[in-house]
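Presented below is the structure to which this report refers.
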Amino acid sequence: MSDVLTKFPDLRGRKVIVFDGDCVLCSGFMHFVVKHDPDQQFDFIVAQTPLGEALYVHYGLKSQDYDTNLVIIDGQLYQELDALAAVLREIGGFWRVPAVMRYLPGPLKSWVYNRIARNRYAIFGRRETCYLPTPDLQARFLG
């Protein structure tokens, strides 16, 4: 059993995306998943919640600096482009095709991801307030 599942038992049996609720790109990714995940496989955690912050700390990531979405599937952590690829693989169908990005060399994946992540607020904007789920999505949000 994964250490994360021991420490955070509410994640057991779940596929979870932890995203920056202030970032327009990150919350857009969450909406993309909602739209293309008809089986509702994924649940969500806003990084700025106590559970989201605890997960970042658990994985040794900078507190209050959510420059990567976390994707946790069966206790396995995915970050950066690997997180996107893992989600696309799980959604399936056509979306498995761009998931091949997971086979890019690690340094190239990191370079591409970091260029976007470090500039995401400047390029895509920042919310005035942290993302709050609509009532129809509330059940899919943890924490």
Side-chain angles (χ1 to χ4, degrees), residues 1-106 108-117 119-121 123-143:
M1 178 183 299
S2 171
D3 180 45
V4 72
L5 297 179
T6 301
K7 190 168 181 180
F8 302 97
D10 289 347
L11 301 184
R12 188 170 285 116
R14 295 182 184 265
K15 297 174 184 176
V16 178
I17 298 171
V18 186
F19 70 98
D20 179 350
D22 289 340
C23 172
V24 172
L25 176 63
C26 303
S27 56
F29 174 62
M30 183 274 306
H31 283 287
F32 168 87
V33 173
V34 167
K35 181 178 179 180
H36 294 90
D37 180 24
D39 297 332
Q40 298 185 359
Q41 302 175 70
F42 285 94
D43 293 311
F44 307 97
I45 301 171
V46 176
Q48 288 84 350
T49 63
L51 178 56
E53 178 68 19
L55 286 163
Y56 276 82
V57 169
H58 173 78
Y59 287 114
L61 299 169
K62 287 191 251 176
S63 178
Q64 305 293 319
D65 183 12
Y66 312 109
D67 66 354
T68 181
N69 290 330
L70 306 180
V71 173
I72 304 166
I73 300 173
D74 299 325
Q76 173 71 41
L77 174 68
Y78 300 90
Q79 298 179 71
E80 300 183 352
L81 285 182
D82 289 334
L84 175 60
V87 170
L88 295 176
R89 253 191 345 263
E90 293 294 319
I91 290 174
F94 164 80
W95 297 110
R96 288 181 190 233
V97 174
V100 300
M101 72 181 82
R102 71 181 181 263
Y103 297 115
L104 292 172
L108 177 60
K109 285 191 293 190
S110 290
W111 185 86
V112 169
Y113 187 87
N114 287 327
R115 291 303 151 291
I116 296 168
N119 297 296
R120 69 191 185 279
Y121 295 136
I123 297 169
F124 299 99
R126 186 176 190 140
R127 295 177 173 278
E128 293 296 319
T129 59
C130 190
Y131 178 82
L132 297 173
T134 57
D136 58 318
L137 289 178
Q138 187 66 44
R140 293 181 68 185
F141 277 74
L142 307 175

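Along the sequence shown, residues are numbered consecutively beginning with 1. Computed from a predicted structure; not experimentally measured.
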Ignoring hydrogens, what is the shortest heavy-atom contact between [X] and [Y]? Give both atom names and the distance.
{"X": "Y56", "Y": "N69", "value": "OH-CA, 4.1 Å"}
{"X": "D37", "Y": "F42", "value": "OD2-N, 3.0 Å"}
{"X": "Y66", "Y": "A47", "value": "CD2-CB, 3.4 Å"}
{"X": "V4", "Y": "L11", "value": "CG2-CD1, 4.2 Å"}

- request: Could you check L142, I45, I73 and say which one makes a side chain to side chain contact (heavy atoms under 4.5 Å, CB included) with R14?
  value: L142
field: I17, T68, V71 screened by side chain to side chain contact (heavy atoms under 4.5 Å, CB included) with Y78, the one that passes
entry: V71
With a 4.5 Å heavy-atom cut-off, do [X] and [Y] have their side chains touching?
{"X": "I91", "Y": "F32", "answer": "yes"}
{"X": "L70", "Y": "Q79", "answer": "yes"}
{"X": "I72", "Y": "F8", "answer": "no"}

Distance from [X] atom [atom1] to [Y] atom [atom2], nearest 0.5 Å?
{"X": "K15", "Y": "D43", "atom1": "NZ", "atom2": "CG", "result": "10.5 Å"}
{"X": "D22", "Y": "S27", "atom1": "CG", "atom2": "OG", "result": "9.0 Å"}
{"X": "H31", "Y": "C26", "atom1": "NE2", "atom2": "SG", "result": "12.0 Å"}
{"X": "F94", "Y": "L88", "atom1": "CZ", "atom2": "CG", "result": "9.0 Å"}
{"X": "W95", "Y": "L84", "atom1": "CH2", "atom2": "CG", "result": "9.5 Å"}
{"X": "M30", "Y": "D20", "atom1": "CE", "atom2": "CG", "result": "12.0 Å"}

Backbone of E90 reached by a side-chain donor or acceptor of Q41 within 3.5 Å: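 Checking the backbone N and O of E90 against the side chain of Q41, a donor-acceptor pair under 3.5 Å is found.
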query: Are the side chain of Q48 and the backbone of G21 linked by a donor-acceptor contact shorter than 3.5 Å?
result: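 Yes: the side chain of Q48 pairs with the backbone of G21.
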task: Mind telling me whether F141 and F44 have parallel, tilted or perpendicular rings, with 30° and 60° as the class edges?
output: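 The rings of F44 and F141 sit tilted, inter-plane angle from 30° to 60°.
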message: Which residue is it: K109, R89, R102? I am looking for the one with a salt bridge (charged side-chain N to carboxylate O under 4.0 Å, His left out) to D82.
response: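 Of K109, R89, R102, salt bridge (charged side-chain N to carboxylate O under 4.0 Å, His left out) with D82 is met by K109 alone.
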